[in-house]
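Worksheet for the structure shown next.
Every chain is numbered from 1, with letters handed out A, B, ... down the list of sequences.
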Number of protein chains: 2
Amino acid sequence: MPPSDLHAHLGYWLRTVSNAVSHRFARRVEAEGVTVAEWVVLRMLYDVEGIAPSVLAARMGMTKGAISKLADRLLAKALVVRRPNPDDGRAHELVLEPAGRALVPRLAELADRNDAAFFAVLAQDERRQLKRILKKIVAERELSDVTTE
Amino acid sequence: MPPSDLHAHLGYWLRTVSNAVSHRFARRVEAEGVTVAEWVVLRMLYDVEGIAPSVLAARMGMTKGAISKLADRLLAKALVVRRPNPDDGRAHELVLEPAGRALVPRLAELADRNDAAFFAVLAQDERRQLKRILKKIVAERELSDVTTE
DNA sequence: TATTGTTATACTCTATAACTATA
DNA sequence: TATAGTTATAGAGTATAACAATA
């Protein structure tokens, strides 16, 4: 029996489509000066007072080191600030700056438009089916909350 | 109106699931000493006499530079050889070495098992639906044949 | 001139681990 | 001793562009 073809695997099709949509989105947010991972952090910070790097790492499935470097870049762009945690001398929190807060709705708009345009080739029922199946996998396999690769 | 949530986008769910399955597979093929991109090249070379780097770049959606580096690694592992194209002094072809040929069925077996195990949480009909929808997107959006990120 | 492929530079992210400061 | 976070190193990928050899 010959070795199975690349196209035989669901993982292959998933990767192909996921890469295409993420790559498209990356090019668009790049015009606003941020990466996809930075957008995810900014969006998460929008809803709360502040988040510890360790929490970001856990929720995004990134390492502590990667989060540190990402935070450095957002700091350099003056989109966030680092704030020491008064209750724990070891801990920090990342907090949105006004410029970062102003950027989030613009990036969300880009995300909305990118998603709608990319998946416009599907019927509404197909989009519903796709989301349902993907959410089922996330739930059953207990995948981390937010990912960015 | 508040900026839309990260979870609002199909691209987000796709990325989350795709990352999880690819990451799982990457860890498994790493045990055989190759990356996912290297597996894709080896599998493509299995069916044909040889492939030019430029063709690999086009089919895999990678840059020429990335293919060069990838080929260097496969060469260093003695899994492929570079062969000049007799008809065109500029062109090369990458060709599987016996060790590379022997590796492909083992990697294909890993891919089969990884895919089956990961998507076992879905019903058979859901797997069929998912593949059908993803293939429709690839066809309608004319995405490149093979991707590896 | 255009094309094939390699090489170089720079950047994002990954993984591991050393390291500092604090609990 | 364990934890929070930073920093360092190495590797795989991206992108762009310079470059050599050939068409």
*asked:* Just N and O in the side chain of Arg82(B): are any of them under 4.0 Å from OP1 or OP2 of dT6(C)?
replied: yes
*Checking Lys131(A) side chain against Glu126(A) main chain: does a donor-acceptor pair fall under 3.5 Å?*
no
_Spacing of Ile51(B) atom CD1 relative to dT4(C) atom C1', expressed in whole Å_ = 16 Å
_Axis deviation across the helix from dT1(C)-dA23(D) to dA23(C)-dT1(D), five-pair ends, to the nearest 10°_ = 20°
_Non-neighbouring partners of Arg28(B) that pass salt bridge (Lys or Arg N to Asp or Glu O under 4.0 Å), sequence neighbours left out_ = none
*Consider the side chain of Lys69(A), meaning its heavy atoms from C-beta on, and name the nucleotide among dT14(D), dT14(C), dA12(D) that approaches it most closely.*
dT14(C)
*With DNA chain C as reference, determine whether Ile67(B) or Thr63(A) sits nearer its 5' end, using the nearest nucleotide of each.*
Ile67(B)
_Glu97(B) with Arg101(B): basic N within carboxylate O range, under 4.0 Å_ = no
_Distance (rounded to the nearest 0.5 Å) between Ile133(A) CD1 and Phe119(B) CZ_ = 10.5 Å
*Is the charged tip of Arg24(B) near the ring of Phe118(B): under 6.0 Å from the six-membered ring centre and within 45° of its axis?*
no
_Let me spell it out: for each of Ser54(A) and Glu38(B), pick the nucleotide of DNA chain D with the closest heavy atom. Which residue's pick is nearer the 5' end?_
Ser54(A)
*Between Lys136(B) and Val121(A), is any pair of side-chain heavy atoms under 4.5 Å apart?*
no
*Would you give a per-nucleotide map of nucleotides 17-23 of chain C, 5' to 3', where B means the base has a protein non-hydrogen atom under 4.0 Å away, S means only the sugar-phosphate does, and - means neither?*
----BBS
*Would you please confirm or rule out a distance under 4.0 Å between OP1 or OP2 of dT7(C) and any side-chain N or O of Ser68(B)?*
no
*asked:* With a 4.0 Å cutoff (strictly under), does any side-chain N or O of His23(A) reach OP1 or OP2 of dA15(D)?
replied: yes
